[in-house]
Amino acid sequence: MAVPVVGFDLGSQSCYVSVARQGGIETVANEYSDRCTPTCVSFAEKSRYIGASAKQQLITNLKNTVTGFTLLLGKHFNDPSVQNVAKNVPYSIVETENNRIGIKVQYMNEAEVLSPEQLTAIQLTKLKEVAEDNLKCKVTDCVINVPTHYTDSERRAMLDAAQIAGLNCTRLLNDTTAAGITYGIYNKELPKPEEKPKVVVIVDMGYSNLQVSIIGFNAGKMRVLATACEPNLGGVHFDKVIFNHMVKEFGEKYKLDVLSNKKAIVRLMQECEKLKKLMSANTAELPLNIECFMEDKDVSARMNRVTFEELSGDLLDRVQVIMKQALTEAKLKAEEIDNVELIGGSTRIPAIKQIIQ
């Protein structure tokens, strides 16, 4: 029997597991029958939780539930992006030897300092289990997706994490290249090798970053013509726009200092994310309500899509800059593009779709 090779897409908010079988590529489901597994690890007195079960601990076990650790891979503690993450998370990020990063948690009633590589390895162990449950055999070989902007240090850190998890990573594949390969496999009507290639723009905007690749396709081959990316522009930055607006409103309306309470920050960020998703589907003004938010006070506010887009103006301008940068690098005009493929939850925001169009 051939040894299966699986693919892991390890995002900063969620992960996917794919297997090649029956002449195609299939994204498999976890124990909750969900194809998406949260990138989250939680530590408790007697056990650790990974994925959906860890996400459920986010409010009740705030300081020992770690998310977004893939954003810290291969970086130094004094890196500005690390300091930015440290300001926005409820757990404690500390400096370890050689200016490296440690994440402080309580596990089995003892203080532990874990590296981002160790946490990524724990997450990969979970994804490996999902793959093994579906394939009914042991999995060791894998391909892992990484953002196109990953540096050599970040790529090495991902390989280290795979090794800790007992995986043999045969290749690290850029997110947009992986999407291009999938497009090529399933698109049967591509020009012949000697003909002019079909030009496709792949826009991948997830929770934390934006990646744009322009790819030329012919039957049996593809060539990446240009890539542009913005590592700090994703869904979380749009959530933060709503969050900052609500913090100001709750301060004026209820005299609450939201930023002084970590539990309140996490709860408000969760509600802002939900509101953003609802606004993508509705133009009407929508409510945001949280019971017993702080100091036993219930809070409420309202927002509509027009206000949200006005507040997000700077972020939307940056999306436009990246799109134009990719076109310039590929030496192409907009009318020379044959197709556009959108990936990632943040591409559902109507204003972003409009900019891409």
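The residues of the chain are indexed from 1 along the displayed sequence.
- Annotation: the span from Leu315 atom CG to Ile349 atom CD1 amounts to 9.0 Å, rounded to 0.5 Å.
- Between Arg156 and Glu117 there is no salt bridge, since no side-chain nitrogen of the basic residue lies less than 4.0 Å from a carboxylate oxygen of the acidic one.
- Not a single salt bridge (Lys or Arg N to Asp or Glu O under 4.0 Å) links Asp160 to another residue, sequence neighbours left out.
- Shown here is Glu195, whose CD atom has more than 12 heavy atoms of other residues, nucleotides or ligands within 6.0 Å.
- Residue Cys137 holds its SG atom at 10.5 Å from CG of Asn134, rounded to the nearest 0.5 Å.
- Looking at heavy atoms from C-beta onward, Glu129 lies out of side-chain contact with Glu31 at the 4.5 angstrom threshold.
- Within the model, atoms OG of Ser153 and CG of Leu73 stand 9.0 Å from one another, a figure rounded to the nearest 0.5 Å.
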Which atom pairs, donor and acceptor, lie under 3.5 Å between side-chain atoms of residues 201-212 and protein residues at least two apart or in another chain?
| residue | atom | partner | partner atom | Å |
| --- | --- | --- | --- | --- |
| Ser208 | OG | Ser12 | OG | 2.9 |
| Asn209 | OD1 | Gln211 | NE2 | 3.2 |
| Asn209 | ND2 | His149 | NE2 | 3.2 |
| Gln211 | OE1 | Thr148 | N | 2.8 |
| Gln211 | OE1 | Thr148 | OG1 | 3.0 |
| Gln211 | NE2 | Asp175 | OD2 | 2.9 |

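- Rounded to the nearest 0.5 angstrom, Cys169 SG and Asp141 CG are separated by 9.5 Å.
- More than 12 heavy atoms of other residues, nucleotides or ligands shown are found within 6.0 angstrom of CD on Glu194.
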Would you mind writing out the side-chain donor-acceptor pairs for residues 184-192 within the sub-3.5 Å range, not counting sequence neighbours?
| residue | atom | partner | partner atom | Å |
| --- | --- | --- | --- | --- |
| Tyr186 | OH | Ile25 | N | 2.7 |
| Tyr186 | OH | Ile25 | O | 3.2 |
| Asn187 | OD1 | Glu189 | N | 3.3 |
| Asn187 | ND2 | Tyr183 | OH | 3.1 |
| Lys188 | NZ | Ile185 | O | 2.9 |

In residues 77-88, what donor-acceptor pairs under 3.5 Å come from side-chain atoms, sequence neighbours left out?
| residue | atom | partner | partner atom | Å |
| --- | --- | --- | --- | --- |
| Asn78 | OD1 | Asn99 | ND2 | 3.0 |
| Asp79 | OD1 | Ser81 | N | 2.9 |
| Asp79 | OD1 | Ser81 | OG | 2.8 |
| Ser81 | OG | Lys75 | NZ | 3.3 |
| Gln83 | NE2 | Phe77 | O | 2.5 |
| Asn88 | OD1 | Lys240 | NZ | 3.2 |
| Asn88 | ND2 | Asn84 | O | 2.8 |

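- Around atom CD of Gln163, no more than 12 heavy atoms belonging to other residues, nucleotides or ligands sit under 6.0 Å away.
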Please tabulate, one pair per line, all N/O donor-acceptor pairs under 3.5 Å involving side-chain atoms of residues 255-268, not counting sequence neighbours.
| residue | atom | partner | partner atom | Å |
| --- | --- | --- | --- | --- |
| Lys255 | NZ | Glu252 | O | 3.0 |
| Ser260 | OG | Asp257 | O | 2.7 |
| Asn261 | OD1 | Lys263 | N | 3.0 |
| Asn261 | OD1 | Ala264 | N | 3.0 |
| Arg267 | NH1 | Cys292 | O | 3.0 |
| Arg267 | NH2 | Glu291 | O | 2.9 |

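- Using a 4.0 Å cut-off between charged side-chain N and carboxylate O, Glu230 and Arg318 make a salt bridge.
- Residues Phe43 and Ile122 form a side-chain contact, since some pair of their non-hydrogen atoms from C-beta on lies under 4.5 Å apart.
- In this structure, OH on Tyr49 lies 5.0 Å from CD on Gln57, to the nearest 0.5 angstrom.
- The number of heavy-atom neighbours closer than 6.0 Å to NZ of Lys198, taken from other residues, nucleotides and ligands shown, is above 12.
- A salt bridge links Glu26 to Arg21: one of the charged nitrogens lies within less than 4.0 Å of a carboxylate oxygen.
- Lys297 NZ: more than 12 foreign heavy atoms inside a 6.0 Å radius.
- Partners of Phe293 under the ring-ring contact (aromatic ring centres under 6.0 Å, His included) rule, at least two apart in sequence or in another chain, are Phe250.
- Salt bridge present: Lys276 and Asp239 bring a charged side-chain N and a carboxylate O closer than 4.0 Å.
- Heavy atoms from other residues, nucleotides or ligands lying under 6.0 Å from CG of Asp317 number more than 12.
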